[in-house]
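Naming: A, B, ... by sequence-line order, numbering from 1 per chain.
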Amino acid sequence: MKFPREVRIGLRRILRHKTESFVAISAAVGLDPSNDFVGADLRHVDFGTDDLSYFNFCGADLTGSKLWRAHGLDRVIVDSRTKGWATAAASPASRGGGIRRVVTTSTPIAIRRIAVERHLPVVLAELGQADMKRIAALPPLMGEDGRIGLREALAALFPGQDRTAAMTSFQHLRARIVTAAADARVRLTLEVGDDSCWFAGDEGTAEAAAQFTEAETRNVVRIKQMAVQVGKRSVRYFISYAHADAALKTKLMSLLGQWFDAAKDYVFIPWQDGDILVGSDWHDQIQQAIKVSDLGLLLVSPAFLASQYIPRGDLQHFIAPDPLSRNPDQLAVPVALRGLRFDGSMDMKGLEARQIFLDAAGKAFEERRTGKPRKDFVSELFGKIVQRLDAHFAAPPAAAEPRRRPEIWQRDDLAREPFALAFVPPSGRTGTMNKLDDEAPDGERKDVVQFLLDWAREPNGPSCCALLGSSGIGKTTTSKAFAHRLLRDREADPSLPIPIYLDLRNLGEAAKQEPDLKTILHTVLRRSWQGGATDMPLEAEEVIRLVRQEAAIVIFDGLDEVLVHLSQQGGQVFTRELLRILPPGLWPGRRRPDEPGRPGRIMLTCRTHYFRSLRDQQTHLTLEDRDDVRDTDYRVFILLPFDDDQIRTYLTQTFPDRGVEPILETIKAVHSLGEMAARPYTLSVIARSLPTIERWQMEGRRVTGADLYRHIVQSWLEWDSGKHEFDIDHKQRIMEHVAAALWRSGGRTWTARQMEDWLAGFMDATPEVARHYQGKELDVLKKDLRTATFLVGGGRQPFQFAHLSLHEFFLAGYLLRALSNSRSGDWQMPKPSEGALGFLEQLIASEIERPDLATLAKSWLPFFEEA
Amino acid sequence: MVLREAEQPFVTLELRSDDRQLDVTLRGGKRPATKLREKLVKAYLQKKLPKENGEMIVWARSTLRRRS
């Protein structure tokens with residue numbers, strides 16, 4: 001008999017789990033606290049200081065176990081069949097006749113009405129008609145604390161019966177509820193005290209939140225997209241060692257761990273499956289670990305090398321053969337744990353001295369027995385690791401740089417200390433939010449969802465995460481895909497946080513009323529309702545509790561789209577309200593140790609160019625440096641545009657029955673459209689326009705670039721309409737004027753100040769537009785302009801049209817409008833580019849009711865100033 | 001006295017002769033074979049292994065090797 005593979009993996013996980021924590025190990029193998037320990041044999045188990053809240057130990061045997069140091073005992077579920085509970089939960093001191101620790105589990109706490117109503121439908125379905133009717137009468141009688149007066153309850157359940165008879169019926173009903181709830185796999189009981197009764201069990205909040213997010217994020221179609229990480233880079237590492245060296249390894253890692261925690265540029269995360277012991281499947285495990293790790297430490301000792309599981313030469317698969325190799329599969333670094341002989345008397349399994357780390361005096365870790373030399377060994381090792389990582393991450397792709405000839409590195413090797421594996425000096429890549437623009441292009445690049453998942457899994461990661469990117473780059477799709485993926489992963493690993501996806505766009509006008517946190521959540525939850533897709537209502541208070549106490553990650557999507565409607569001060573107040581969901585006092589490092597629960601995290605998405613300047617962005621997200629929010633509390637990711645492969649993937653998925661190349665040809669044939677395809681949204685607009693283009697072609701119409709641009713601009717304005725203070729026609733007109741003013745200024749870019757001054761002047765000079773916006777603050781209008789979908793910039797970057805061709809298209813629109821209204825003065829400007837004039841020609845040709853325009857335009861050409 | 005037993009890569013399962021107790025013994029792990037791990041293995045097997053009439057004991061009785 002052999003266990004199935006899945007079971008063997010689970011067993012291995014239990015046997016190798018790093019902690020002696022009952023809760024952690026059971027979560028790691030997916031044991032359900034509410035079900036899987038009912039009737040379990042838990043004799044002589046030491047539960048340590050674990051939080052056992054909501055573990056169901058009904059019928060379990062706890063004889064001889066140690067429970068008294070554990071937390072959450074008042075929320076453990078036990079019944080009369082549970083053995084050894086009272087003794088196990090009483091402290092040893094109290095057993096000697098002192099005061100017994102009070103264990104209050106015999107009276108489970110009342111759950112609130114909303115939780116009861118979540119569970120009742122499934123439980124009632126297991127009961128008979130009469131019971132269904134009776135029980136349905138109870139929730140309306142529940143008070144704020146979830147309790148119902150016993151007399152009231154009995155009168156509602158069994159009208160006309162005297163108290164004794166009613167109590168007997170009541171006890172029978174309670175028993176039937178227990179059975180029905182068990183059949184429905186729900187934890188719900190009806191409890192009774194001296195003068196009240198109440199429902200107890202699982203609140204089901206987490207499930208409701210998961211269902212809510214599931215409904216919000218299903219059907220997300222996403223092409224893998226890269227992001228750049230700003231700030232500390234995460235480094236996943238694994239350790240491999242021989243069993244005989246276990247104690248020494250622990251000593252080394254406890255010292256090295258302190259250095260890892262203090263690293264300036266890196267966050268070190270141990271490989272999730274723990275350490276790799278030299279053993280029968282060593283080779284496979286290392287291969288697997290290397291695939292997902294940035295660094296491996298092989299703790300080399302005579303025992304390590306003696307292992308029959310490491311054939312001679314095998315180590316070369318994992319260790320760079322020369323210090324210049326940047327082979328990503330060879331990131332394992334051998335460290336001399338115990339003394340080794342490099343005089344040829346030892347079988348080094350193909351390793352050479354220069355490949356193994358020894359300290360400056362050529363000593364191994366074990367040979368440094370006393371405090372300072374030992375600490376120096378570790379400090380030196382840490383320095384080398386950081387040097388190696390800097391080089392690895394800063395290095396350009398191997399193909400881009402010719403390898404230095406072996407004789408050169410051998411020569412260098414002579415003058416080098418043993419571990420100097422890095423030649424490339426570290427680049428100033430890392431930073432925090434205040435270095436956003438400078439660092440973004442050089443930061444770590446990876447699939448953005450993977451970045452987010454790493455952040456979610458990182459034990460001591462920052463509490464906030466900002467996902468930034470320009471308009472239409474895919475922030476919403478990404479955050480939905482992240483939430484969806486996290487929900488899927490949670491099915492296998494329930495210890496992962498619950499994502500709660502909240503689309504702030506649903507707030508709409510309500511944002512202007514200075515809503516508090518509860519109102520914001522309440523409004524978004526109600527309006528997010530996906531056509532009644534979930535039958536488990538979720539309350540604002542529950543979302544707050546999940547985030548503050550049950551490690552949930554709340555995702556606020558579309559922050560800029562709320563802020564754009566608010567004044568600067570109003571926006572600040574709004575963001576502060578959002579962050580109140582997890583006050584800084586609950587963040588790691590600032591939390592009181594006795595604070596109950598596990599705090600979660602906050603993720604925000606926002607356009608990069610929403611803020612007038614980088615400084616504005618930083619001060620806004622850190623709440624103007626008040627409330628103890630620092631830029632280091634954020635993990636920042638910036639979404640990058642699509643590359644060619646991603647565009648092809650998108651087109652293949654959108655048009656599965658067609659060849660990609662002809663479509664790409666069509667796109668490339670139209671003026672500059674190829675470059676615009678790099679943004680997921682524009683690409684989708686282009687793809688959506690394709691049938692239109694083809695229809696036009698079939699109708700024998702000449703399809704021009706202007707046709708496609710008009711189509712795209714129109715779709716963009718409609719898609720963007722929720723964000724506008726200006727109406728769509730005015731926005732188009734303003735964009736035309738911006739294009740002309742920019743062209744006249746001789747540049748393509750404006751600072752935020754220039755743009756705002758221009759707007760104020762435009763509103764003064766154009767009363768027919770200005771009178772529509774008389775009640776509005778100029779601040780709000782300015783912001784609307786800055787966040788116009790057609791413009792990019794912000795931070796330290798000046799504002800400009802998202803693409804030169806868009807600038808040209810709007811400029812052509814400006815010229816056409818002037819032509820139609822006979823305002824020849826508007827044509828006085830430097831001669832427009834060929835692209836703009838091309839668009840103008842196409843636009844004039846499409847005005848079939850004004851055949852005179854072409855002639856007029858020709859006669860106006862001299863108005864342009866030649867460069 | 002052990003009535004039936006089966007050796008697995010990581011654990012030994014033993015059904016006691018009184019036919020009421022299925023014992024789990026751990027071996028070969030790199031961590032100490034604590035009671036905590038033993039009991040978690042047992043709870044895990046209880047959840048994962050096929051059962052007969054919902055009972056692991058019944059399953060063990062019919063499946064494990066009889067030891068003379």
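- The CG atom of B:Leu36 sits 8.0 Å away from atom OG1 of A:Thr19, with the distance rounded to the nearest 0.5 Å.
- Contact record, B:Tyr44 with A:Gly10: OH-CA, 3.3 Å, taken as the closest heavy-atom pair.
- A donor-acceptor pair under 3.5 Å links the side-chain atoms of B:Arg37 to the main chain of A:His17, judged by distance alone.
- For CD of A:Glu6, the number of neighbouring non-hydrogen atoms (other residues, nucleotides, ligands) closer than 6.0 Å is 12 at most.
- No side-chain heavy atom of B:Leu40 sits less than 4.5 Å from a side-chain heavy atom of A:Val29.
- Under a cut-off of 6.0 angstrom, the local environment of CZ in A:Arg8 is crowded, with over 12 non-hydrogen atoms contributed by other residues, nucleotides or ligands.
- One distance of note links CD of B:Glu38 with CD1 of A:Ile14; it measures 11.5 Å at 0.5 Å rounding.
- Heavy-atom distances place both the backbone and the side chain of A:Asp41 under 4.5 Å from chain B.
- Here A:Val45 is the residue among A:Val45, A:Leu42, A:Asn35, A:Asp32 with the most heavy-atom pairs under 4.5 Å with chain B.
- With rounding to the nearest 0.5 Å, the separation of CG in B:Leu45 from CG in A:Leu11 is 5.5 Å.
- Within the 4.5 angstrom heavy-atom criterion, atoms from both the backbone and the side chain of A:Phe22 approach chain B.
- Residue with the most contacts toward chain A among B:Lys48, B:Lys47, B:Lys42, B:Lys35: B:Lys47 (heavy-atom pairs, distance under 4.5 Å).
- Under a cut-off of 6.0 angstrom, the local environment of CZ in A:Arg5 is sparse, with at most 12 non-hydrogen atoms contributed by other residues, nucleotides or ligands.
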